[in-house]
Amino acid sequence: MKTPDVAVCFKTVNCFYGVSTGSFIQLHTHRLKTPPPTQPALIGSFPSLLFPIRSLSGSPIVQGIRQMRSWKSLKSAGLLYPPFWGHEVLCPLDPCWAGKNGDWSKSHTYKNCRQMKDFRELCARRAPMFWIPLRAHCVWERMSVTLTCTLGKITRITAAAFPAVLCKYQITKDCFPFKFSLIYRCSLEDSADYSVVVTNAFGQATSFANVLVKGEYVINALLPVYEGHFTSVMRPVFTREKESFTLSSSVSTSLERHGPSIQWFRDGVLLKESDRRKLSCIGCDVSLSGSPAYKEDEGLYTVVVASSSGLQEQSAYMFVKDAEPENIGAPGAPLCVRCHDIHKDCLLLSWTPPSDDRGSPVCGYYVERWDKSSNQWICCNEKPTKICRFPVSGLTEGETYRFRVKAVNQAGVSLPSKATKELRMTDHRKEERELGRKIVVDKADMEDIVDVPLPPTNVHASEISEDFIVLSWDEPKPRGKEPLTYYIQRSIAGSNSWQRIHLEKPVNSPRLPVFDLEKGKSYCFRVQAVNKYGLSDQSEPSGPISLQATLDVPPAPDHILALRDTKTSAVVQWGKVDCDPEILGYYIYSRLSGDSDWKSVNNKPLKCNRFTVPELETGKDYEFCVRAVNEAGLGAMSPISEPLNINEAIYCPSAPYDFTLLCCGKDEMTIGWKAPKFTAGKEILGYFLDQHDSSELNWKDVNNEPISKRVCKVTGLTEGHFYEFRGRAMNSAGVGKMSEPSGLFKCEEWTMAEPGPPYDARCTEVRNTSLMLHWEAPIYEGCSAITGYLVEAQKEGSDGWKNVNENPISECHLRISDLETGKSYQFRVTAVNSDGAGGPSVPCDPVVAATKPGTNEIEVGVDDEGLIFLSFENPEPTDNPKFIWSKDYKGAPDPEKTEISTEGNTSKLVLTNPSMEDVGTYSVEVPNTDGISASHTLTEEELADLMKKSHDVQHPLIKLISDWKKEVLENGDVRLWLQVEKLSPAAELDMILNDKIIENTPKRKIQFDRESGLIEIVKQDFGEEDKGTYTAKVVDGKASNQFNLTLVGEDFEGILKEANQKRKQWKKKHGPHFQEQLQWKVTEECHVIITCKVTNTTKETTLTWSLDKKSIPNGQYDCQSGDGNLTIEKVNDHLHCNLNSCMLSLSASQLKCQGTAEGIKIYSDVKYFIEDMNPTWYHKNKKLDSTDRIKSGSTMNQIWLHIIGPTDTDKGLYTLEIFDGKDTHKRTLDLSGKGNQNIYSDRAKVVRGLPDLATIMVDKTLCLTCHISGDPAPEVSWVKNDKKVVFKDRYTLDVKGTVVTMTIEKICAEDSGRYSITVKNKYGSEVGQVTVSVFKHGEEPEELKKSSMVIFM
């Protein structure tokens, strides 16, 4: 016979020992694993069965049982019948139980026991049974259901609950004799028949139960039924640790009398009020608030209100960020600290790692416990533990504790986690069982009286990590009634040297954390049990145990994908991570594209693999990544998602609505309708219209191609019939939903004298107290022309329509003012002609008079180029936004006077030629948005001010700080100076005296300090040549100014007189000095004569000549006249610096002109060039500096100026100045005359023909033709994207005289690019460029409208 796994109690009690307790005998039943050779292992127990023994108090059996103290005594007494291991049988309570002479085997009782054993074995050969079957349940939606049954004796259980969803259904295991299944928060889909099947070797049994879930919540009959609904959307909440938080929503009517019908959930778990959490319902506001917030509070919150229409709910996610750390860079606090495996003096803590390590990985954790006696937190571990599990020992039974955890990284220690609830240290392993009511059975009450305990068993390590192990063992069985403590010994594996550990005091629980182990060594452990009677034998040693890392961080999630959701949120999804141990969840991180730092999205791990990230910036690009987390820490970072631009996801539009009849003939109707309210930010590409004759069954299509406008003429109708219409809108995502059918319209010709209704009434520029109403003129005008329009308004809460304007207006728009902020309005329009007023239009959609947050207005100003502009930025960034500008609400502004450009999310209108004709109202709309629009009225005064600013920007003046000042220095020099504002390094100065440019010379020093803006002239020997008007002309980019100083008359005479006086005084004061400085000249014999004149001399005055500080003996000096001279007949290398300058300057030829491949070259030939000649070039009296286009230089025999790509502006007089050390020599060339005309006319040029842009469809033939000129005939070459074009296959080149044509056959997308033609001859070269854009069939790019020349073949 197959031995059953589970012992079953029959009416005749099957127990292997009995204990007398007072007036009852306590009989116990135990389950056996296997029949051991000496004694059965006792595993678990059922409640004691109590039998009264009042009549048996003196019987031998009672006395015998009272004398028994151990298993062996039962065995030796014959009360235990060994062969039947499944049911050890105690003989019935029979006075003759011992037989004659105590011979048990010959007794009558023994025979009865044998018969009873055989009978029980026979009964065990049957299929299982249910003591209590499943029962049916009827529950309301969102309630939880527990299906319970009680089982009989079985060998194997197979249970199935259908339908089964892992996250919703929970099925228990090994809960004999009970079995239950939990259905978590029922939904309507959970209504079904559920079954449980049990089997053993002899058959199976099945129990069924029906679960009915109702969708409506029956409200207490004493309370009125709630009829309201939610009027606001609960938004995500962002708070920080230790701060308060509030989630709230509004309903249409008061909820104060319906408190029981309101429930709050967090992640599906019902929430109740507590000291830290408050649920409130005041008026129409329902809220949940709390303080302080912890990261454990993060999650999805749902408020549910039961109403007559069913359950209504609103949900929002609350994010709890880490509090600011005390140490900069310290990690966030751990969270979700939990207690496990609780014993009398020890327990196991676990927690969740923080998501934000602030750039430095977490290296460990400190565990702290609250000491109630000292009112302080005490650290439980000296060294940080590396994983998120830690055993805490040394606790006192009966005491109350709380625990918290801190994280550590290189920057410091984090703030503490939320502390656990108070925990009282007791034996939490007391067995409980529910049998109609709760019966608690103390295990000690079921134990035999044992003197010295048996040794513990199953010594093993239940927890192993790098830092500690948790040693566990099973209590002795039987353990006896006395309390047990334990001594533990350890030994290095392989040796027999045992050492006792934990010397402070015995261990009270069968658990002991061991920390002081060496890494790399293996240990064995054994345990002794102790009670008041003595020590047990040593247990069997454990297997070798060593410190090792048993937890690994989880791998990185894969397949991360970011998708658009709304304008401020994105959906992130990723692949699930499967690893051992099971992960605690996922952390999401985000950052702006281009940033290096990641930000935590959530601070409490997510169990799902799809999440909506809120509060992102519209129009910005974001990247996302995900990390899995388990008790070993944060896993590797997932691959980074592709950058996602945050904006509205693309959806099909909603349905059009408000169909109306605009005009009707005998067999045709003109139908109008309103655009969809939801367009997903995309342009409506067209509409499809259906018609239905009320006398027919089926609908018919009106159009096969989309209608671009919201007005359609339907023909082919039958006069007198009634028709209804419906339609669908289409955008780039597809065709939207079908609208509801319109009302029935009768097809009969309109003949009334009054006009038909206007249509398409809509509101723009909605602000707190005003808005702009627009409409379209009626299609049917009546018998006379329309003379005006009347506008009516209806305020929210009022019944009738009121006139907005008393007299008709002629325009199809009206600004309506004096509105009440926050109130909703509707408007309609009626057309009027000479015969009266027609029917009103369909009212516009209700609009609330309020300025939306973030509303932008049109900005008016002058840009850096001096252009007057009107600019508008879309406050809701979208992909490729479209802006519609109009002037005076009559259409687009004049394109000849304005220029409109769009960059990103901003549109700019520029007045290209501003005048008073530009005065008016400019408005802009952004279609396919939530009514984004604005306007600005440009007045004459404002425009005049803008034009003045524009002129100042385009022609700026350099600011004068200090006007001309005149000073006579101590030595008689005259200083003239002024100061302007700070200038750029590129600023230029032209100093003019009497209309002639003066240069910086040794006797007239001109200084120009651009940093300080100081301009000064210091003139030696001030005289008549310095008389006149000085002009300082300053140019700095676009800015310029000139400053004049007139020195004539008394002003000049006064300065001259003062200068002469000071000069004389200076000379007298300083003895001999040169009246004339050194001068030299070259004779025809090439002798050099150097002269000077000295004054204020004496007889002792001498004149010494030297060269490079070496004396020259040949100098002559006349002491009476003061004249000195030196004649040099042979010039050597020591004198070439100054002397050669003179001779070489005189040898310079007149300027000549020569054409080059790049432009023209102006040059002068010299015998020999030296740097001291200091050549300077001028064009039209303006000094030329070397640039990329104009370059100057010299060779050994030539001084040249090269002009690259000359234009007409380069014509004029060119001057070359050469300094010989004394005087300046000039050479000139006039390029404006006919003699040099060939330099321009014969130079190679691209005359005309090439457009800026050529746009063409694929598979066409493109011809690029241009006209060239030049003599001799230029060379022609083509380049594409800086690579030379090879003319073969599809590319051909044709040159006919001055016409050059490049042909590309069967053009494709690869042919798009920048093409350049280069023409070149001896007089110069020129380049022409064209951009070729190739588009596919069916496309019509915007560039096609702007292209200047496209040739198809």
Side-chain angles (χ1 to χ4, degrees), residues 15-22 25-45 48 62-80 82 85 88 90 343-346 393 397 427 429-431 441-460 471-491 496-512 524-542:
C15 61
F16 36 71
Y17 65 91
V19 180
S20 173
T21 57
I25 296 179
Q26 224 172 5
L27 302 179
H28 302 273
T29 308
H30 284 270
R31 175 179 173 181
L32 301 178
K33 269 188 177 178
T34 55
T38 56
Q39 65 181 46
L42 305 181
I43 303 176
S45 66
S48 303
V62 174
Q63 295 176 1
I65 291 175
R66 284 177 174 170
Q67 293 173 358
M68 297 176 189
R69 289 295 180 267
S70 68
W71 174 273
K72 293 181 180 180
S73 61
L74 288 173
K75 193 89 171 179
S76 60
L79 288 176
L80 188 64
W85 294 109
E88 297 295 356
L90 178 69
H343 293 268
K344 294 180 181 180
D345 58 353
C346 64
S393 60
E397 183 178 4
D427 189 354
R429 298 178 301 133
K430 289 184 178 180
E431 300 186 22
V441 181
D442 194 325
K443 188 173 181 180
D445 295 336
M446 302 172 61
E447 295 289 348
D448 191 8
I449 299 175
V450 177
D451 292 335
V452 177
L454 296 174
T457 60
N458 190 26
V459 181
H460 65 285
L471 197 64
S472 303
W473 58 89
D474 296 337
E475 294 179 335
K477 297 179 181 178
R479 66 181 294 281
K481 294 178 176 291
E482 298 301 329
L484 292 177
T485 57
Y486 303 93
Y487 293 115
I488 297 91
Q489 294 180 347
R490 75 179 180 193
S491 172
N496 197 26
S497 175
W498 293 93
Q499 180 182 4
R500 181 178 167 186
I501 62 175
H502 202 271
L503 302 177
E504 297 84 2
K505 58 180 179 180
V507 179
N508 295 326
S509 303
R511 297 288 187 276
L512 178 66
C524 296
F525 297 87
R526 63 186 185 184
V527 185
Q528 279 183 296
V530 185
N531 65 7
K532 69 178 183 179
Y533 297 108
L535 283 168
S536 72
D537 295 335
Q538 294 286 353
S539 69
E540 291 294 326
S542 68

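Between Ser509 and Lys344 the shortest heavy-atom distance is OG-N, 3.2 Å. When all heavy atoms of Pro476 and Ala529 are compared, the closest pair comes out as CG-CB, 3.9 Å. Looking at every heavy atom in both residues, Ser491 comes nearest to Ser497 through OG-O, 3.0 Å. Taking both residues in full, the closest heavy atoms of Lys477 and Leu454 are given as O-CD1, 3.6 Å, listed atom of the first, atom of the second, then distance.
Ring centers of Trp473 and Tyr486: under 6.0 Å apart, within the cut-off.
The side chain to side chain contact (heavy atoms under 4.5 Å, CB included) check on Pro541 picks up Trp498, with sequence neighbours excluded. Partners of Asn458 by side chain to side chain contact (heavy atoms under 4.5 Å, CB included), not counting sequence neighbours, listed by chain and number: His460, Asp474.
Within the 4.5 Å cutoff, the side chain of Leu512 has heavy atoms near those of the Ile501 side chain. Residues Leu484 and Pro453 have side chains in contact (heavy-atom distance under 4.5 Å, counting atoms from C-beta outward).
Proximity of a side-chain donor or acceptor of Asn531 to a complementary backbone N or O of Asp451 within less than 3.5 Å is detected. Side chain of Asn508 to main chain of Asp345: no donor-acceptor pair is present (N/O by atom type, distance under 3.5 Å, no hydrogens or angles). Judged by distance alone, with hydrogens and angles left aside, the side-chain atoms of Gln528 form a donor-acceptor pair with the main-chain N or O of Ser536 at under 3.5 Å. Between the Ser472 side chain and the Arg511 main chain, no donor and acceptor come within less than 3.5 Å of each other.
Here the CD atom belonging to Gln499 is positioned 13.0 Å from the CD1 atom belonging to Ile488, to the nearest 0.5 angstrom.
When only modelled atom types and interatomic distance are considered, Ser539 and Arg526 share no side-chain donor-acceptor pair under 3.5 Å.
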